[in-house]
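As structure tokens, the structure follows; a few thoughts come after it.
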Amino acid sequence: MIGADLLSSETLTVGWLIYVPVLVWAVLQAPWVELFSDSRRQHLLFGTVFALFMLWLVRRDFDTGVSYHFIGMTAVTLLLDWPLAIVGGLVAQVGLVLLGRQDLAAMGVNGALLILLPVLVTECCAILVERAQPRNPFVYIFCSGFFAAALSALLCLLVGLGLLWFDGRFAMPEWLEDFIGYLWLVMFPEAFINGMVISALVVFCPEWLETFNRTRYLSAPWNDNEPRS
């Protein structure tokens, strides 16, 4: 998460120009009818927003204006699908702004980095997995959960550093060439948290995952050889 003081006004404006249209698109694509008619989905949405809000509160704030925390949007996207994941991320983000833990002016840039980018990466991975139509649920857990979360964390860090370097208001450390070794310390915990959540949901509550094909993944292996009527 990046403070508004570290970014130029042009970058902040571009962040809003990217974030707001996608938010509107997500609101228009969200299944509001099914959400209001299904109390289970409502509970999942509210619980996910609360968990995401609490996860983002557990963070390390640096004096430079940069904060580090886990993202968690991969599990949220697989659980709610991308429209509600973006809406839920927005609600959690508003909660941080109200508590003074995030700058309102930088909400567009941080939303694009911490919400839109992980949702995009997770959705692309889920689509590729679904096109392959694997029958082993481990493929879904690893590719859509572990791998997507690690890739999201990597891209968020690289794009965030790119923005700070481009604006030139952030003093880059002299050991930046050694930063690659620290990437694993960020990617692995992010992948582990999201992957473990998805693994638990696949085992205990697969019906909660909007992106999980229960008919294919959880079908008995002997059904493939049975004659079709």
Problem - Exceeds 12 heavy-atom contacts within 6.0 angstrom, atom CZ of Phe142 - result: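 No - once you tally the heavy atoms of other residues, nucleotides and ligands closer than 6.0 Å, there are 12 at most.
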Any link between [X] and [Y] through a network of hydrophobic side chains (Ile, Leu, Val, Met, Phe, Trp, Tyr) touching at under 4.5 Å?
X      : Y      : result
Phe212 : Phe204 : no
Val91  : Leu104 : yes
Leu99  : Ile115 : yes
Leu120 : Leu90  : no
Leu209 : Ile127 : no

Problem - Results of side chain to side chain donor-acceptor pair (under 3.5 Å) for Thr48 - residues two or more places apart only - result: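 In terms of side chain to side chain donor-acceptor pair (under 3.5 Å), with neighbours along the sequence ignored, Thr48 is linked to no residue.
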For the residue pair [X] and [Y], establish whether any side-chain heavy-atom pair is separated by less than 4.5 Å.
X      : Y      : answer
Met73  : Leu114 : no
Pro206 : Leu218 : yes
Pro134 : Tyr140 : no
Leu28  : Val24  : yes
Val66  : Leu164 : yes

Handout entry: Pair Tyr19-Gln93, side-chain donor/acceptor within less than 3.5 Å
Key =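 There is such a pair (donor and acceptor under 3.5 Å, judged by atom type) between the side chains of Tyr19 and Gln93.
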Practice task
Establish, from distance only, whether the side-chain atoms of Gln42 and Asp38 form a donor-acceptor pair under 3.5 Å.
Solution key: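 Gln42 vs Asp38: no donor-acceptor pair found between side chains.
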Practice task
Using a strict cut-off of less than 4.0 Å between a Lys/Arg side-chain nitrogen and an Asp/Glu carboxylate oxygen, indicate whether Arg40 and Glu207 qualify as a salt bridge.
Solution key: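 Judged by the 4.0 Å cut-off on N to carboxylate O distance, Arg40 and Glu207 do not form a salt bridge.
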Practice task
Give a yes or no on whether a salt bridge exists between Arg216 and Glu130, defined as a side-chain N under 4.0 angstrom from a carboxylate O.
Solution key: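 A salt bridge is present here (some side-chain N lies under 4.0 Å from a carboxylate O).
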Do any N or O atoms from the side chain of [X] and from the backbone of [Y] form a donor-acceptor pair under 3.5 angstrom?
X      : Y     : answer
Glu123 : Thr77 : no
Asn194 : Ala75 : yes
Thr211 : Leu78 : yes
Asp103 : Ala4  : yes
Trp208 : Arg41 : no
Ser37  : Glu34 : yes
Thr13  : Ser9  : yes

Problem - Within 45° cone of Tyr217 ring axis and under 6.0 Å: Arg214 NZ or CZ - result: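 So Arg214 doesn't make the cation-pi contact.
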Handout entry: side chain to side chain contact (heavy atoms under 4.5 Å, CB included) assessment of Leu57 paired with Arg101
Key = CA-CA 8 Å; Leu57 282 179; Arg101 304 301 299 272; 4.0 Å; yes
Exercise for the section: Supply the atom-to-atom distance Leu12 CG to Asp167 CG, rounded to the nearest 0.5 angstrom. Expected result: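 Answer for the CG-CG pair, Leu12 versus Asp167, is 8.0 Å.
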Practice task
Kindly compute the distance separating OG1 (Thr122) from CH2 (Trp82), expressed to the nearest 0.5 Å.
Solution key: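 Reported value, rounded in 0.5 Å steps: 13.5 Å.
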Problem - side chain to side chain contact (heavy atoms under 4.5 Å, CB included) evaluation trace for Phe62 with Tyr68 - result: CA-CA 8 Å; Phe62 296 93; Tyr68 169 77; 4.3 Å; yes
